[in-house]
Structure formats: C-alpha cells, structure tokens
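The first residue in the sequence is number 1, and the count goes up from there. All values reported here derive from a predicted model rather than from experimental measurement.
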Amino acid sequence: MQETRLDTARIRAARRVIDPVFLDTPLYRCEALEPGLGCTVSIKLETANPVRSFKARGTEVVASLLADTGPRAVVCASAGNLGQALAWSGRGRGLDVTVVASRFATRAKLDRIRALDAGLELVDGDHEMARERAAAIARHDGIRLVEDSLDIETCEGAATIGLELVDTAPSFDTVLIALGGGALATGVGHVVKALAPGVEVICVQPLGAPAMTHSWRGRRVVTTDSTDTIADGVAGRHPIPAVLNDLLLVADDAVLVQEASIIAGMRMLLDHAGLVVEPSAALGIAAILEDRDRFAGRHVVTIVCGNNVDADAYHRWVGAAPILGS
C-alpha cells in the first residue's frame, strides 16, 4: 500500500494515551439484523462511552499532546460530536476549550458541550461557517485550532478502532464506514489495508451531502454549495485535500445513500438491535439496504459511530419510517 499521512506505530502508541473508557468498545455479530439484510452483520459499537461517539479517541490524543507541550487553550468547529469529545478530553487535562458550532446544530449536542464546561460560540450558518470562525478565533487569540480530519491525531485516534477490528473480529470481508470529513474512514481504512488488505473498505455518505464521495470518485476536491441531509455529523461541503489523498489510498469504494434508507437503517437498529443511533451511524445499514445483492453472503462490519440525537427529531423520523423490504 502507498503511504498515507498515518503511521501504524503511532496508532498503536495512541492506545496508551487514550482513556481506556473509549477503547475496546463492543464488537459483536447481530444475528437479528441478518434476515432483513441478507448478510452476516457485526456491529462495532462506538456509542458506549461518556461522549457517545468515536470522536474522543482522537481528542484524547490531541489533548494529551497539548497538556504535555502545547498551549492550554484550544478551539474547534464541530457539528456537535467533536465538540463534546474535545470538551471532555480538555476538561480532564485542564485545557480551556472553545467550540464553534452552527446555531442549527442538534440541541442535545450543544447542551452537552455546555455541560462539559466548554465555551460555546454559535454562528448563523452551517459547519463550514463554523470552521471559518474557529480558524479566526485561533489566529486572533494565538491558540491551538483543532481541525477534525486534517489534524493527524484525529485520524490516528479513530484508527485505533481499526486495530480492534483486525485484532478481535472473526473473519470479515467488508467494513462499512460513515464518511464525513474523513477521519474515521481514513483512520480505520489505513489500518485495515495495512493489516487485513483483503477486506473491502466501503465509505458511505448521504446523497444530500456528497462532496467527499464526489471528490473520491473524481480524484480531486469537489465542493458543494449546500447540504440537505438529516445526517448532520457528515454534512461537510469542502473536503480537505490532504484527507482526500489519504482516502484515495485506503477506500475501495464510496457510495451515496438516500435519506429514506438512512431512516430505515435507524429503525432497523432500534427494532432488531435495540440501539438508538444518530443518522450518521446508520449509514452502513442504509448501504446494505440499497444494494442487498452486493453484500449477499458476505460478513460485513458496520461502525455505529454515534448516538447523540435530538429525541423529538428521532421520534419523528423513526416513528414514521418503514423498514425497506419488510
């Protein structure tokens, strides 16, 4: 495999600085899902931790480095999950954390950021506007800007999930990964291709937020003017060139799924796995629902990457959603 920005030795070292509460998350075969999907399905459950998403694996690495040698103040832009994770990791290490988010972000995520003692600034636009504002704060105040997916620590923290997959999973041949900024996909993809190269790495993105998928397919950065998806955690418009370069080396495919399939995936995870998940976490199930023939007979691992979801919105979506093919 050609070299990405990631390093497998550093990824193994990252496990030593990540709080064990975020490591070795549940990984299990979910047989109840299989009749409706037509394949063997294992779940990697990244919601069973204090911030209910995988993001703290990366922020633990960032915060550990800052606590040792860096500035004591840090700022990030977030749709909600990164902000919670950085607030949690920073609070434990005495860092001053500021999170910039869209005023239209999921309320539950914003409330949790405040509860974790981080400063929260809201902008009247989307995540890309929040990124611009966070960068401006970092320049003005001379503090560390954490950029999800661009900062290698966020990718290598997420990549520890890949180590756990290849070290503990029974034989599997496909991994489905939610694709947003790219930290999760490039991190897990790097490890899988380095240590289990026969496994197919498939990234999944909503049809209403397709920038990174279009970029992967075109092998160049493709931006979009807007997004239209309930999967707020992956709704970026401006892919980062360095992250795309890594993704091109580790992803075998990138697919787009419809909103109805995302909702149906959420409903399946509730009905058959007892899991309440945010839309981004159902992208893998949505991909199987839309192309059962492709996955028939395979053993697929899907990473359930977060469950920070607004309760009212969740009930609106899932309460009205039919399970495709039922």
[X] with [Y], same ILVMFWY side-chain cluster at under 4.5 Å:
| X | Y | answer |
| --- | --- | --- |
| L289 | V41 | yes |
| L23 | V191 | no |
| F172 | L27 | yes |
| L176 | I285 | yes |
| W88 | I113 | no |

Below 4.0 angstrom, N of the basic side chain to O of the carboxylate: do [X] and [Y] qualify?
| X | Y | result |
| --- | --- | --- |
| R237 | D225 | no |
| D232 | K109 | yes |
| E60 | R15 | no |
| D253 | R294 | yes |
| E153 | R144 | yes |

Ignoring hydrogens and angles, state whether a donor on the side chain of [X] or [Y] is under 3.5 Å from an acceptor on the partner side chain.
| X | Y | value |
| --- | --- | --- |
| S53 | Q84 | no |
| H299 | S171 | no |
| T223 | H238 | no |
| K44 | T302 | no |
| N307 | E46 | no |

Taking it one step at a time, do V201 and T174 satisfy side-chain contact (heavy atoms from CB on, under 4.5 Å)? CA-CA 6 Å; V201 174; T174 307; over 6 Å; no
Check the pair T229 / E259 against side chain to side chain donor-acceptor pair (under 3.5 Å), numbers first and verdict last. CA-CA 7 Å; T229 179; E259 298 294 289; 2.8 Å; yes
Among K55, R52, E278, side-chain hydrogen bond (donor to acceptor under 3.5 Å, both in side chains) partner for N81: E278
How long is the gap from [atom1] on [X] to [atom2] on [Y], to the nearest 0.5 Å?
| X | Y | atom1 | atom2 | value |
| --- | --- | --- | --- | --- |
| D148 | S78 | CG | OG | 8.0 Å |
| D68 | R93 | CG | CZ | 9.0 Å |
| L95 | S64 | CG | OG | 10.0 Å |
| L45 | L269 | CG | CG | 9.5 Å |

Is it the case that over 12 heavy atoms from other parts of the model lie below 6.0 angstrom from the CZ atom of R72? yes
Is the number of heavy atoms from other residues, nucleotides or ligands under 6.0 Å of D228 CG greater than 12? no
L207: hydrophobic cluster co-members (side-chain, 4.5 Å): L256
Minimum heavy-atom separation for V222 and S215, please, with both atom names. N-OG, 2.7 Å
Indicate the atoms forming the closest heavy-atom contact of A14 with T160, along with that distance. CB-CG2, 4.1 Å
Salt bridge (Lys or Arg N to Asp or Glu O under 4.0 Å) between R103 and E121, intermediate numbers included: CA-CA 9 Å; R103 192 175 307 279; E121 180 174 325; over 6 Å; no
Result for salt bridge (charged side-chain N to carboxylate O under 4.0 Å, His left out) between E156 and one of R10, R5, R57 points to R10
From CA spacing to verdict: salt bridge (Lys or Arg N to Asp or Glu O under 4.0 Å), K193, D252: CA-CA 10 Å; K193 286 305 177 188; D252 294 300; 2.7 Å; yes
Any side-chain heavy-atom pair of I161 and T25 under 4.5 Å: no
Stepwise side-chain contact (heavy atoms from CB on, under 4.5 Å) check, R29 with I43: CA-CA 6 Å; R29 180 178 172 187; I43 287 172; over 6 Å; no
